[in-house]
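In what follows, chains carry the letters A, B, and so on, assigned in the order in which the sequence lines appear, proteins first and then strands, with residues in each chain numbered from 1.
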There are 2 protein chains.
Amino acid sequence: MEADFDVGQRLRGVREMHSLSQRELAKRAGVTNGTISLIEQNRVSPSIGSLRKVLQGIPMALSDFFALDAVPRQKVFFAAEELLEIAGAGGISYQQVGRDLGERALQILHERYAPRSDTGKTLLRHESEEGGVVIRGQLEITVGDQRRLLGPGDAYYFDSRLPHRFRNPGDEECEVVSACTPPSF
Amino acid sequence: MEADFDVGQRLRGVREMHSLSQRELAKRAGVTNGTISLIEQNRVSPSIGSLRKVLQGIPMALSDFFALDAVPRQKVFFAAEELLEIAGAGGISYQQVGRDLGERALQILHERYAPRSDTGKTLLRHESEEGGVVIRGQLEITVGDQRRLLGPGDAYYFDSRLPHRFRNPGDEECEVVSACTPPSF
DNA sequence: TTCTATTGTTTAATATTTTAAACGATTAAT
DNA sequence: ATTAATCGTTTAAAATATTAAACAATAGAA
């Protein structure tokens, strides 16, 4: 069960996160400040109706409110050296943010393409979407029958089911940050 | 928001899915059958305490009970100038890859933080996950009770339901590429 | 039919939440 | 020090939820 789900503590936390006083929130929610005080002290167990009114003043959905305790505490920060190096063929380096891919909805990669490197003809991925931004150097991307040369600041986004290919045609290393959902490998 | 969330109808549905009579569920939950009848008819707005007791008899978590809402040839290439500038408060610039957010499962941003810029105290987002890589400069990130100063090549990843804040404490502009799924604004 | 068991509903009494207003504490300005 | 404003807390009264018990309807068995 949600062992120590503490409605009062959670409401107080949420309210304070939004820099609202009890009175301010009460006014927005259409309840009295006393109600909020009592709820936050767990001196009452609010009705669904009044809790919903209170959360509307934030605003926050009931589902999000009750899902807060389901948020696991996981590793958030990753030093550059901590990024997971993924098998990169011929001059291509993929550094992944986070190791435990199974848990995550998003795969974020810091990619580096050596001069003349190429991901190969084509590859089909699972059903997913991906995109990225070119940071440095040049990258030629082919998606379906479209081809384009991108430079720093340029970006792409496509459905991964389309055949695609990445190539660095220049003499300089190319650097890209990309994201894919759901993770594809 | 959960516009017309109907507690009674939802409870009745859940109960019937589990082939429980009102009395049977009441016994397991430690409430009276009348209570369940009144709730299912929406003649009362149950307290969190009693609704939790009722759901324990199923059993079902409150977060699951309230969680109804679901989470899902177009333009592929975007020149740097084509990226959509999103309202960035005080010295913060967001450039979004692609304009039609509704269609996409992924929001990718090229962000620039002016020296001393700050996203503000904290904000809670909807249920989603986000992460990014710092390209240039320094960025101080606070997530829940964790804080860290990230430099070029460093990265982050977290559940967006946690309160978070981004700040550029340095004298140099900070550049970040981030991704979020599903899009949050 | 008649009995028994089960179903969901209703109602008066009880328990709890919610309100409205007052209270004391804190901060900032004069 | 003294206002004035704002904060969170408290309390008696009002509003609402919950209980316990009775009610009505259905279904199956004797």
Side-chain angles (χ1 to χ4, degrees), chain A residues 1-2 4-66 68-69, chain B residues 1-66 120-124 145 163:
Chain A
M1 239 309 279
E2 357 199 7
D4 53 331
F5 190 92
D6 184 332
V7 172
Q9 175 183 313
R10 180 127 309 134
L11 176 59
R12 175 158 292 173
V14 169
R15 177 177 61 80
E16 289 177 344
M17 290 303 176
H18 289 259
S19 302
L20 295 172
S21 69
Q22 291 182 342
R23 281 183 167 80
E24 176 67 22
L25 176 56
K27 198 175 67 178
R28 298 187 187 194
V31 300
T32 62
N33 62 303
T35 297
I36 292 180
S37 178
L38 293 171
I39 293 174
E40 290 188 350
Q41 297 171 82
N42 284 317
R43 305 222 341 226
V44 298
S45 176
S47 72
I48 300 296
S50 67
L51 181 61
R52 184 173 59 194
K53 280 201 292 186
V54 168
L55 291 179
Q56 279 172 181
I58 298 239
M60 178 179 224
L62 281 165
S63 56
D64 288 335
F65 183 80
F66 287 108
L68 282 177
D69 66 342
Chain B
M1 217 226 328
E2 359 198 5
D4 53 330
F5 190 92
D6 184 331
V7 173
Q9 177 182 313
R10 182 109 174 98
L11 176 59
R12 175 157 291 174
V14 168
R15 177 176 63 79
E16 290 176 345
M17 291 299 179
H18 290 256
S19 301
L20 295 172
S21 67
Q22 291 181 342
R23 281 182 167 81
E24 176 66 23
L25 176 55
K27 196 175 68 177
R28 298 186 188 196
V31 301
T32 63
N33 61 302
T35 298
I36 292 181
S37 177
L38 293 172
I39 292 173
E40 290 188 351
Q41 297 170 82
N42 284 316
R43 306 219 342 224
V44 297
S45 176
S47 72
I48 299 297
S50 67
L51 181 61
R52 184 172 58 193
K53 281 202 291 186
V54 169
L55 292 178
Q56 280 172 183
I58 298 238
M60 178 179 225
L62 281 166
S63 55
D64 290 333
F65 184 78
F66 286 107
K121 312 278 180 203
T122 60
L123 38 151
L124 289 173
D145 57 358

Of D:dT10, D:dA17, C:dT19, the nucleotide closest to the side chain of A:V31 is C:dT19
Item to check | Phosphate OP1/OP2 of D:dC7 contacted by A:R15 side-chain N/O (<4.0 Å) | outcome: no
Looking at every strand, decide which applies to A:S21 at a 4.0 Å heavy-atom threshold: base, sugar-phosphate, or nothing. sugar-phosphate
### Query
When we call it a touch if two heavy atoms are under 4.0 Å apart, what does B:S47 touch: a base, just sugar-phosphate, or nothing?
sugar-phosphate
Ranking B:E24 and B:Q41 by the position along DNA chain C of their nearest nucleotide, the one closer to 5' is B:E24
Worksheet item: Using a cut-off of less than 4.0 Å, is there contact between a side-chain N or O of A:R43 and OP1 or OP2 of C:dT18?
Response: no
**Item:** Residue-phosphate contact under 4.0 Å: B:S37 side-chain N/O, C:dT9 OP1/OP2
**Value:** yes
* Asked: When you check the phosphate oxygens OP1 and OP2 of C:dT9, does a side-chain N or O of B:R12 lie under 4.0 Å from one of them?
  -> yes
inquiry  = Would you say that more than 12 heavy atoms from the other residues, nucleotides or ligands in this model lie under 6.0 Å from the CD of B:Q41, or not?
reply    = yes
Between CG of A:L11 and P of C:dT18 the distance, given in whole Å, is 12 Å
When B:L38 and A:I39 are each assigned the nearest nucleotide of DNA chain C, the 5'-most assignment goes to B:L38
Closest heavy-atom pair, A:G57 versus A:R28, reported as atoms and distance to 0.1 Å, is O-CD, 3.6 Å
Checking D:dT10, D:dT18, D:dG8 against the side chain of B:T35 (C-beta onward), the nearest is D:dT18
Taken to the nearest whole Å, CZ/B:R52 to C1'/D:dT18 is 17 Å
Of all heavy-atom pairs linking B:S45 and A:G49, the shortest is OG-N, 2.6 Å
Point to revise | Test item: A:R15 side-chain N/O and A:L20 main-chain N/O as donor-acceptor pair under 3.5 Å | key: yes
From CG of B:L20 across to P of C:dG8 the rounded distance in Å is 10 Å
Ranking C:dT19, D:dA20, D:dT10 by distance to the side chain of B:T32, first place goes to D:dA20
Atom CD1 of A:I36 and atom P of D:dG8 are separated, to the nearest Å, by 9 Å
Rounded to whole Å, CG of A:L51 lies from C1' of C:dT17 at a distance of 13 Å
Separation of D:dA17 atom P from B:I48 atom CD1, nearest Å, is 13 Å
**Message:** Donor-acceptor pair, distance only, cut-off 3.5 Å: does the side chain of A:N42 make one with the backbone of A:G8?
**Reply:** yes
Taken to the nearest whole Å, CG/A:L25 to P/C:dT18 is 14 Å
Review point. Is the shortest heavy-atom distance from the side chain of A:F65 to the side chain of A:L51 under 4.5 Å?
Key: yes
Here the distance between atom C1' of D:dT18 and atom CD of B:Q22, to the nearest Å, is 15 Å
Note to self: Is it the case that the base of D:dT9 and the side chain of A:N33 share a donor-acceptor contact (distance under 3.5 Å, atom types as modelled)?
What the structure shows: yes
Side-chain contact check for B:R23: nearest option of C:dT11, D:dA22, D:dG8 is D:dA22
